[in-house]
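Some notes on the structure that comes next.
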Number of protein chains: 2
Amino acid sequence: MNVHQRQDAIVRLLRRNGTATIADLAKEVGASRRTLLRDIGALREAGFVIHAEPGRGGGLRLDPQSVQTTARLSVAEVFALLISVAAVRAAGGLPFSRLADAGLAKIEKALPPDKIQDLRRFLECLYIGELSPRVDTSDMGVMDPCLLPAFETAFLGRHPLRFQYRDAKGIVTKRLVEPQAMLILPPLWYLVAWDPARDDFRHFRMDRISEPEYVEGGTFRRRNAPFKKGIRPLGPLPS
Amino acid sequence: MNVHQRQDAIVRLLRRNGTATIADLAKEVGASRRTLLRDIGALREAGFVIHAEPGRGGGLRLDPQSVQTTARLSVAEVFALLISVAAVRAAGGLPFSRLADAGLAKIEKALPPDKIQDLRRFLECLYIGELSPRVDTSDMGVMDPCLLPAFETAFLGRHPLRFQYRDAKGIVTKRLVEPQAMLILPPLWYLVAWDPARDDFRHFRMDRISEPEYVEGGTFRRRNAPFKKGIRPLGPLPS
DNA sequence: CCAAAAGGTGCCAAATCCTGACACCATTGA
DNA sequence: TCAATGGTGTCAGGATTTGGCACCTTTTGG
């Protein structure tokens with residue numbers, strides 16, 4: 001049994017039994033008393049709150065509030081969680097929104113600083129409407145998460161975006177547009193962009209966009225996209 | 001410098017420089033070429049996508065999409081995130097719900113197995129209405145996260161719950177009820193319980209409950225709480 | 001076509017770190 | 001006071017990690 005497994009086992013035993021003595025735990029995981037004490041020290045250093053009572057009838061007790069999880073999330077997953085929580089907040093909030101914010105803040109702090117900057121700036125481009133589904137979702141295509149980086153780069157670098165668009169009739173056209181905002185009208189997701197060829201704003205359903213590609217070196221000025229009533233910015237990250 | 005610090009440093013260097021050769025990295029972190037190769041292998045196993053180009057001008061490149069974050073979340077924070085994402089799903093979903101689910105699944109897997117069971121069973125007690133705020137939030141009290149464990153224990157062990165309740169007029173009474181469900185009507189949160197003293201169901205606003213305490217040893221049978229139209233179970237975790 | 005630069009693998013001895021044993025201290029309750 | 005319990009220091013021996021070496025494959029420049 002290696003270090004990690006052993007410390008895992010210790011946490012499990014403490015959770016199950018409520019309290020236990022070091023001698024018991026040592027016997028259970030098959031290690032010496034000294035090693036157990038070292039493991040307990042390591043677990044405490046890792047954030048577990050383990051109360052200890054010396055004397056007869058004493059022992060160790062794991063504070064149930066301090067059980068923690070360390071998961072490795074990709075940037076895209078963090079982004080998805082951010083959007084979910086921000087959407088809930090934009091819809092009026094839930095009783096535990098603050099806790100969710102706190103969790104996200106921790107996740108965010110663990111990202112590299114430049115990535116945080118990117119995420120914040122990208123979130124500023126997001127707008128959301130009412131959080132109740134308005135359309136039938138049966139014919140909905142999937143929004144491929146792999147497409148996201150191209151959009152992110154286009155928005156952050158203010159590059160024009162080139163893609164193929166399949167409209168409601170199934171006709172496929174090539175577009176070259178200036179991305180202005182992303183609009184969430186659950187469960188759909190639109191790119192709001194200035195289309196120079198048509199000299200006007202256009203909405204593009206994200207699940208109908210394919211092969212997006214930003215134009216390297218190109219740039220454009222920002223315009224004020226006209227939003228209908230009831231559409232709000234998704235709001236910044238909690239700080 | 002230990003293994004962890006060194007692998008952290010490697011990720012940082014790769015992120016900063018864009019690309020680097022193994023010889024460079026080895027010199028930078030003060031380890032041998034062989035050790036660097038072993039570390040790179042470990043990082044790949046841990047989920048980092050590191051592209052390698054052999055030959056002149058080649059080197060290692062860290063896929064920016066695979067940059068990961070490892071945050072330590074408490075169980076309460078995980079719970080809050082779960083509720084947010086589940087609420088969004090119950091409201092019709094967002095384009096990135098699947099990614100958010102994937103992230104949560106990872107977080108969940110990192111919890112102790114028995115805690116996962118508890119969370120799943122507790123989530124089954126949750127119901128949600130329309131996700132648009134109906135009441136004025138200005139007079140809303142705070143729902144203290146520290147109160148959660150008492151509720152969780154009461155629900156999971158089917159123990160009666162004792163608490164103080166301050167009603168709309170500010171009158172404080174003591175209650176002893178049988179908790180049946182938790183109801184989310186954003187941004188409020190209600191305990192739906194059978195009140196034996198009144199021989200009927202009662203809704204209690206969570207922000208008006210204080211000093212909750214479950215009755216050890218006590219138990220009761222489950223009843224079918226009558227829900228209004230439009231109220232749905234929050235739904236199980238993604239599997 | 002060759003050489004140099006780069007990543008990748010297998011092997012083994014040396015260095016490092018972890019473990020267990022022991023002695024000892026502090027605190028608590030009977 | 002004594003026994004049970006957590007906590008710390010030290011040290012030898014064993015397990016693990018590290019570094020060095022030989023060798024392979026791929027790619028690029030001359």
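Computed over heavy atoms, backbone and side chain alike; hydrogens, waters and symmetry mates excluded. Chain identifiers are assigned alphabetically (A, B, ...) following the order of the sequence lines, protein sequences preceding nucleic acid strands; residue numbering begins at 1 within each chain.
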- When you check the gap from the basic side-chain N to the acidic O, do B:Glu178 and B:Arg221 get nearer than 4.0 Å? no

- Query: Would you call B:Lys106 and A:Glu77 a salt bridge, using N to O less than 4.0 angstrom?
  - Reply: yes

- What integer distance in Å separates B:Arg34:CZ from C:dG7:P? 14 Å

- Message: If I take atom CZ in residue A:Arg33 and atom C1' in nucleotide D:dT10, what distance separates them, rounded to the nearest angstrom?
- Response: 15 Å

- Message: Mind checking if A:Arg6 touches a base, just sugar-phosphate, or nothing, with heavy atoms under 4.0 Å?
- Response: sugar-phosphate

- Message: Quick check on DNA chain C: between B:Thr21 and B:Arg38, whose nearest nucleotide comes earlier from the 5' end?
- Response: B:Thr21

- Note on the structure: Rounded to whole Å, NE2 of A:His4 lies from C1' of C:dT19 at a distance of 19 Å

- Task: Give a yes or no on whether a salt bridge exists between B:Arg89 and B:Asp101, defined as a side-chain N under 4.0 angstrom from a carboxylate O.
- Result: yes

- Message: Could you tell me how far apart A:Leu60 (CG) and D:dG7 (P) are, to the nearest whole angstrom?
- Response: 6 Å

- Query: A:Thr35 side chain N/O closer than 4.0 Å to the phosphate oxygens (OP1, OP2) of C:dT19?
  - Reply: no

- When you get a sec, tell me which of C:dA30, D:dT18, C:dA5 is the closest nucleotide to the side chain of A:Arg56? C:dA30

- For A:Gly41, report the nucleic acid contact type (base, sugar-phosphate, nothing); a contact means any heavy atom under 4.0 Å. nothing

- Rounded to the Å, how far apart are B:Ile22 CD1 and C:dT9 C1'? 12 Å

- Before accepting this row, confirm whether a basic side-chain N of the pair B:Glu152/B:Lys115 lies closer than 4.0 Å to the acidic partner's carboxylate O. yes

- Is A:Arg175 paired with A:Asp195 through a side-chain N to carboxylate O contact shorter than 4.0 Å? yes

- Note on the structure: Contacts of B:Glu53 and A:Gly30 projected onto DNA chain C by closest heavy atom; the upstream (5') one is B:Glu53

- Task: Specify the separation, in whole Å, of atom CG of A:Asp39 and atom P of D:dG7.
- Result: 13 Å

- In whole angstroms, the gap separating C1' of C:dA5 from CG of B:Leu25 amounts to 16 Å

- Task: Quickly work out the A:Leu37 CG to C:dC18 C1' distance and round it to whole Å.
- Result: 15 Å

- Establish, with yes or no, whether the OP1 or OP2 oxygen of C:dG20 is under 4.0 angstrom from a side-chain nitrogen or oxygen of A:Ser32. yes

